[in-house]
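Step one of this worksheet: look at the structure below.
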Amino acid sequence: MLVVDDAVTVRAFSRRVLEADGFVVDEAVNGIEGLERAMAAPPDLVIVDVNMRKMDGYTMLRVLRRDPSLRDVPAIMISTESKDSDREQALLAGANWYIVKPPRPEVLVEAARLLTGRPVDAEGAP
Amino acid sequence: MGLVKKKAAPETSPAGPTGSEAARDPLAALEDADAAVRRGAAHALGHAVVPGAEAALARRLQAEGDAGVREAILTALARIATPDAAAALVPFLDREDAALRNAALESLQQMPAEVAAPALLPLLDHADADLRIFAVQGLGSLVHPGDSTFGRADWLARVMERDADVNVCLAAVEALAEAGSPEALSSLETLARRFPGDAFVAFAVDAARSSFRGG
């Protein structure tokens, strides 16, 4: 999977949590780099921040959804912004899931499992 | 046959053929119907001292739909880099348009710290946490690590010790780790105590501590 975030701490945290659950994680620091990596090696899942330099997460997802080879890749949008309008904007851009920062490990793993078709713990906490 | 003096080639600017039109009256050209003329005007305003340019550029940016003109305006404001230019960019940090608010922040970050910091510091007290995050990110990336002119260590400590929103605090930790400001170590410890059950806070604080130790 591909984690796209300009915050090094978020990328490192996501990598640690998801790799501990068996996922293989690649990283990018903005939407442009995220698209380049996704086009080079289509991931099973992308986790995208909203506010990033050079290209924001909404724009990245919109471009992703226009690409025939990437339009079906599931996407989690992750953001500090928790208003309903932020969630709506994320879904309109092409996100399948929305997580408000700071990410809780069990929420991140559960969403990743759901969107990649892996079994989810019955209690909701893998 | 006498020599014919060769005519000098007309001066061209990087803005292209519309450059001369924009250069005559860039403030008026900024409102032209042709996007290329508006782009040329923004470019010209970024390369000249024109009274009122900052406000005119900001007004145009509010209404501008052309991506190229928007980019030229943001580049011009970053290049002008006056207190008025910095102040003109601040309202765009609050826009619904994520591309625009991020581009406005980038323009502020390109300005000298002594210009951008006074525009960003008041946002640390704004009621909207998202704006406080932008303020922290903007201030944290200004090219004056440890600069006492705007009390970097002080505001980082204040954010981590007092801001009620965990994401604002985490933005400060990120800025701290990037800048390597070990003087804020005690504020990091305070932050860890303020959000004891948060796995991400614990991770971020540990990562910042490690960066100070060089590992």
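Please read all numbers here as calculations on a predicted model, not as lab measurements. Just so it is clear: chains get the letters A, B, ... in the order the sequence lines come, proteins before strands, and each one is counted from 1.
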Report summary line: If one checks every heavy atom of A/R104 against chain B at 4.5 Å, the contacting part turns out to be neither
Report summary line: Whatever's closer than 4.5 Å to a heavy atom in chain B on A/P105 counts as side chain
Query raised in the report: Has A/R16 got more than 12 heavy atoms of other residues, nucleotides or ligands less than 6.0 Å from its CZ?
Result: no
Query raised in the report: Just wondering, are more than 12 heavy atoms of other shown residues or ligands nearer than 6.0 Å to CD in B/E106?
Result: yes
Query raised in the report: Roughly how far, to the nearest 0.5 Å, is the CD1 atom of B/I133 from the NZ atom of A/K101?
Result: 8.0 Å
Report task. Let me know if A/V17 has heavy atoms under 4.5 Å from chain B in its side chain, its backbone, both or neither. Result -> neither
**Report entry** Contact origin within B/F134 toward chain A - heavy atom pairs under 4.5 Å
**Finding:** side chain
Query raised in the report: OG of A/S14 to CZ of B/F203: how many Å apart, nearest 0.5 Å?
Result: 8.5 Å
**Report entry** Option in A/P102, A/S85, A/A12 with maximal non-hydrogen atom pairs under 4.5 Å from chain B
**Finding:** A/P102
Report task. Kindly determine whether A/R53 and B/N102 satisfy side chain to side chain donor-acceptor pair (under 3.5 Å), including the steps that lead there. Result -> CA-CA 6 Å; A/R53 295 169 206 169; B/N102 285 295; over 6 Å; no
Query raised in the report: Side chain, backbone, both or neither: which part of A/M52 has a non-hydrogen atom closer than 4.5 Å to chain B?
Result: backbone
Query - Leading residue by heavy atom contact count with chain B [cutoff under 4.5 Å; candidates A/V8, A/V50, A/D86] - result: A/V8
Query raised in the report: Nearest 0.5 Å, what's the CG-OG1 distance between B/D97 and A/T59?
Result: 7.5 Å
Requested in this report: Any chance you could measure B/D206, atom CG, to A/F13, atom CZ, to the nearest 0.5 Å?
Outcome: 11.5 Å
Query raised in the report: Please walk me through it: do A/T80 and B/D130 pass side-chain contact (heavy atoms from CB on, under 4.5 Å)?
Result: CA-CA 7 Å; A/T80 59; B/D130 291 325; 3.4 Å; yes
